[in-house]
Amino acid sequence: MIAKVRKAVFPAAGLGTRFLPATKAQPKEMLPLVDKPLIQYGVEEAMQSGVRNIIIVTGRGKSAIEDHFDVSFELEHLLETRHKKELLATVRAVSDMIDISYVRQKEALGLGHAVLRARELVGDEPFSVILSDDVIDAEVPCLRQLLDVYEFYGAAVVALMEVPKEFISAYGVVDAEPVAHNGGKDRLYRIRNMVEKPKAEDAPSNLAIIGRYVLTPEIFTSLEAIEPGSGGEIQLTDGLKHVLRSRPIYGYRFEGKRYDAGDKLGFLKATVEFALKREDLGEEFRAYLKGLSF
Ligand code: G1P
């Protein structure tokens with residue numbers, strides 16, 4: 001029997017330097033796309049994928065994340081007395097949403113280090129990791145797509161996306177061979193090797209790892225065994241490469257559109273496209289954009 005994935009780990013202890021000064025006193029995970037913080041998109045994706053147990057790895061200055069998912073008595077009381085039913089429902093939906101635990105990453109020593117901090121809360125079971133910078137708009141939630149592969153093969157799976165050569169060095173990159181799956185041959189790969197942030201000329205392919213992972217608990221031993229890598233940090237990619245020595249890992253080129261919301265331009269694109277899709281805003285916003293003269 002393949003064990004069920006019940007938990008999702010959200011590394012959220014990064015310093016958010018790409019978004020300074022907005023992130024000086026506010027976690028980047030709380031930056032809103034239209035009116036919802038980045039991390040909530042990820043948490044909703046986990047829930048829609050059937051993963052209800054959320055573990056957030058936080059750091060200094062991240063208490064806004066905890067407050068966001070907590071009950072706000074004052075706010076609820078105010079909305080109640082003012083008969084703002086819809087807003088009250090929206091606010092309650094956030095705090096009712098999930099079972100969340102928090103663990104601290106005292107120093108920002110890398111993504112692999114952040115995942116390792118969740119070890120005790122995860123225990124000896126498979127789990128998922130969601131990077132809330134990567135916002136993915138998809139018909140079937142991206143994590144669900146990976147879980148379908150995991151449930152078939154019982155092995156770790158990472159999300160993959162083709163990235164143009166000039167941008168590839170910002171990612172973990174895989175060397176992988178296509179595997180026939182579900183009658184098709186173009187989305188699933190078996191990974192042979194992977195490298196974190198290679199130079200464009202050294203990249204083994206144009207397939208980049210995107211921030212969705214289904215991992216098996218062996219990753220923790222590997223993360224403990226490896227040395228700091230790219231940027232002097234403990235990298236999750238290096239941990240996975242270590243796991244590869246003894247276990248297969250798959251990559252899945254997911255269906256859907258990914259926005260790099262940790263980058264200013266990516267964030268703006270996501271904001272515009274998400275606003276255009278909104279029932280309450282889309283029409284007016286579209287008319288506004290069309291009326292702009294450039
Ligand atoms: C992290 C991972 C990298 C992955 C990327 C996806 O990098 O280390 O392997 O390709 O997320 O967004 P970061 O963007 O945190 O530098």
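Atoms within each ligand, like the ligands themselves, are counted from 1 in listed order.
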Distance filter under 4.0 Å to Thr237 heavy atoms, resulting ligand 1 atoms: 9 (O)
Atom 16 (O) of ligand 1: which protein heavy atom is closest, and how many Å away? Lys197 NZ, 2.7 Å
Min heavy-atom dist Leu236 to ligand 1 below 4.0 Å: no
Is the side chain of Arg253 donor-acceptor paired with the backbone N or O of Leu160 at a distance under 3.5 Å, no angle test? no
Does anything in residues 101-111 pair up under side-chain hydrogen bond (donor to acceptor under 3.5 Å, both in side chains), and if so which pairs, sequence neighbours excluded? Gln105-His113
Hey, is the main chain of Glu279 close enough, under 3.5 Å, to the side chain of Glu283 for a donor-acceptor pair? no
From atom 14 (O) of ligand 1, is the closest protein heavy-atom distance below 4.0 Å? no
What about Tyr250 and Tyr189, are their ring centers closer than 6.0 Å? no
Judged by atom type as modelled, is there a donor-acceptor pair below 3.5 Å linking the side chain of Tyr41 to the main-chain atoms of Leu33? yes
Without swapping roles, check the side chain of Arg192 against the backbone of Val174 for a donor-acceptor pair under 3.5 Å. no
By number and element, which atoms of ligand 1 are closer than 4.0 Å to a non-hydrogen atom of Gly172? 3 (C), 4 (C), 9 (O), 10 (O)
So if I count the atoms of ligand 1 from 1 in the order they appear, which ones are less than 4.0 Å from some heavy atom of Gln235? 8 (O)
What protein heavy atom sits nearest atom 9 (O) of ligand 1, and how far away is it? Glu196 OE1, 2.7 Å
Which residue holds the protein heavy atom closest to atom 12 (O) of ligand 1, what is that atom called, and what is the gap in Å? Asp134 OD2, 2.8 Å
Of all the non-hydrogen atoms in the protein, which one sits nearest to atom 11 (O) of ligand 1, and at what distance? Leu131 CD1, 3.4 Å
Can you report which non-hydrogen protein atom sits closest to atom 4 (C) of ligand 1, along with the distance? Ile209 O, 3.3 Å
Residue part near ligand 1, for Arg258, under 4.0 Å between non-hydrogen atoms: side chain
Hey, is Asp133 one of the residues with a heavy atom under 4.0 angstrom from ligand 1? no
Sequence neighbours left out, what passes salt bridge (Lys or Arg N to Asp or Glu O under 4.0 Å) with Glu218? Give chain and number order. Arg247
Run the ring-centre check on Tyr213 versus Phe127 and record whether the distance is less than 6.0 Å. no
